[in-house]
Amino acid sequence: DLRAPLRAINGYARLLQEDFKSKLGEESMRLLDSVRYNAEKMGILIDDLLAFSRLGRQDVKKQEVDMNDLLEGVMLECSRSFNHKAKITHDKMPLVKGDYGLLHQVVFNLVSNAVKYSAKKAKPEVTIGCKKEATHWVFSVNDNGEGFNMLYSNKLFGVFQRLHSVEEFEGTGVGLAIVKRIVNKHGGIVSAEGKIGEGATFSFSLPF
């Protein structure tokens, strides 16, 4: 129901551009571009919100997951999805018990965020670590990017909460909320540390 009006808005704007291009001025074409861009952005927002909503009802189907294989898949997906120059390194990863698809979503969201927020650095770097604690594995994704003010760290994992404007960095503000919900459903917790201009580290735990 939410998508249908957006498809109509985007479709009619496209038809105007294609069929009346010779009659529309440069400013009118620019405005129609803006209409289509915002309709597409709202569509992405709806998709993200639906994904977050479905997670509340979705069962976690645990199996043995090789985090090395999962991470290689994530890095390949990032390379295909983003034109980036970040140097990505990682520790040797363990086998864990979890839902492969959901954990892939967690790691992809965190790594792609790290790539995005470090993109403006001359030498962007992303480091993915893992350490074993008493009852959990703790995974971390560190970048040398924009960072954030720790005074607002409590907002990071909320739906539609953003610490940077859309003009600075694209996004809907749902990705980290999805990460938190998935990790919590696995019995783990999430956390974040950052410093403005010096990067950030996002961590999540998974029980043995």
Side-chain angles (χ1 to χ4, degrees), residues 48 51-82 84-119 121 123-148 150 153-159 161 171 173-195 198-208:
D48 284 353
F52 179 76
S53 176
R54 290 190 190 106
L55 282 173
R57 304 186 302 274
Q58 187 171 342
D59 293 330
V60 175
K61 299 175 182 177
K62 289 189 176 182
Q63 58 182 338
E64 189 173 79
V65 176
D66 186 336
M67 292 297 283
N68 292 290
D69 291 342
L70 184 147
L71 186 53
E72 290 300 323
V74 165
M75 290 169 65
L76 181 60
E77 187 176 348
C78 282
S79 296
R80 290 173 175 172
S81 303
F82 311 107
H84 73 85
K85 57 179 182 178
K87 178 183 178 183
I88 303 177
T89 58
H90 64 86
D91 294 343
K92 182 174 175 58
M93 296 286 139
L95 296 175
V96 300
K97 291 287 187 181
D99 186 306
Y100 184 94
L102 294 178
L103 292 180
H104 184 280
Q105 197 169 358
V106 167
V107 178
F108 177 77
N109 279 353
L110 294 179
V111 174
S112 60
N113 268 4
V115 168
K116 176 172 67 175
Y117 286 106
S118 62
K121 295 291 184 177
K123 294 182 179 180
E125 295 183 3
V126 176
T127 304
I128 304 155
C130 176
K131 63 180 179 179
K132 188 176 183 180
E133 296 194 347
T135 59
H136 291 70
W137 288 106
V138 178
F139 300 89
S140 60
V141 180
N142 171 265
D143 66 73
N144 64 339
E146 294 299 307
F148 60 88
M150 285 295 289
S153 60
N154 62 315
K155 293 185 175 182
L156 285 168
F157 295 99
V159 181
Q161 297 291 333
V174 181
L176 290 178
I178 287 175
V179 166
K180 184 176 188 295
R181 178 164 283 188
I182 292 173
V183 172
N184 288 168
K185 287 174 77 74
H186 278 78
I189 59 173
V190 296
S191 62
E193 294 182 7
K195 191 171 183 180
E198 296 185 17
T201 300
F202 287 82
S203 302
F204 68 95
S205 63
L206 294 175
F208 298 151

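Basis for what follows: all heavy atoms, side chains included, without hydrogens, waters or symmetry-related copies.
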Do the side chains of [Y] and [X] get nearer than 4.5 Å, heavy atoms only?
| X | Y | value |
| --- | --- | --- |
| Cys130 | Trp137 | yes |
| Leu103 | Val96 | yes |
| Tyr100 | Gln63 | yes |
| Ile128 | Val74 | no |
| Val183 | Val106 | yes |
| Asp143 | Pro124 | no |

Quick one: does any side-chain atom of [X] pair with a main-chain N or O of [Y] as donor and acceptor, under 3.5 Å?
| X | Y | value |
| --- | --- | --- |
| Asp99 | Lys61 | yes |
| Asp66 | Leu70 | no |
| His104 | Leu71 | no |
| Asn144 | Glu125 | yes |
| Ser112 | Asn109 | yes |
| His186 | Ile182 | yes |
| Asp91 | Met93 | no |

> Salt bridge between Glu133 and Lys131, side-chain N to carboxylate O under 4.0 Å?
Replying inline: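 Yes, Glu133 and Lys131 are salt-bridged.
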>> Determine whether Ser153 and Met150 satisfy the following criterion, side-chain contact (heavy atoms from CB on, under 4.5 Å), listing intermediate values before the conclusion.
In response: CA-CA 5 Å; Ser153 60; Met150 285 295 289; 4.2 Å; yes
>> Once rounded to the nearest 0.5 Å, what's the spacing between atom CD1 of Ile189 and atom OG of Ser191?
In response: 6.5 Å
>> Quick check for you: to the nearest 0.5 Å, what is the distance between Thr127 atom OG1 and Ile88 atom CD1?
In response: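 The CD1 atom of Ile88 is 9.5 Å from OG1 of Thr127, to the nearest 0.5 Å.
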>> Please enumerate all residues that pass side-chain hydrogen bond (donor to acceptor under 3.5 Å, both in side chains) together with Glu198, with sequence neighbours excluded.
In response: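 For Glu198, no residue satisfies side-chain hydrogen bond (donor to acceptor under 3.5 Å, both in side chains) once neighbours in sequence are set aside.
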>> Set out, in order, the CA-CA distance, both residues' side-chain angles and the distance that settles side-chain contact (heavy atoms from CB on, under 4.5 Å) for Leu55 and Leu102, then state yes or no.
In response: CA-CA 9 Å; Leu55 282 173; Leu102 294 178; 3.6 Å; yes
> Has Lys155 got its NZ or CZ under 6.0 Å from the middle of the six-membered ring of Phe148, at an angle within 45 degrees of the ring axis?
Replying inline: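 No, a cation-pi geometry is absent between Lys155 and Phe148.
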> Any luck finding a side-chain donor-acceptor pair between Asn142 and Thr201 under 3.5 Å?
Replying inline: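 Present: a donor and an acceptor within the cut-off.
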> Parallel, tilted or perpendicular: which fits the ring planes of Phe139 and Phe204, with parallel below 30° and perpendicular above 60°?
Replying inline: parallel
> Does the side-chain contact (heavy atoms from CB on, under 4.5 Å) test come out yes or no for Phe202 and Ser140, once each step is laid out?
Replying inline: CA-CA 6 Å; Phe202 287 82; Ser140 60; over 6 Å; no
>> Can you confirm whether more than 12 heavy atoms, excluding those of Glu193, are under 6.0 Å from its CD atom?
In response: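 Counting other residues, nucleotides and ligands, CD of Glu193 stays at 12 neighbours or fewer.
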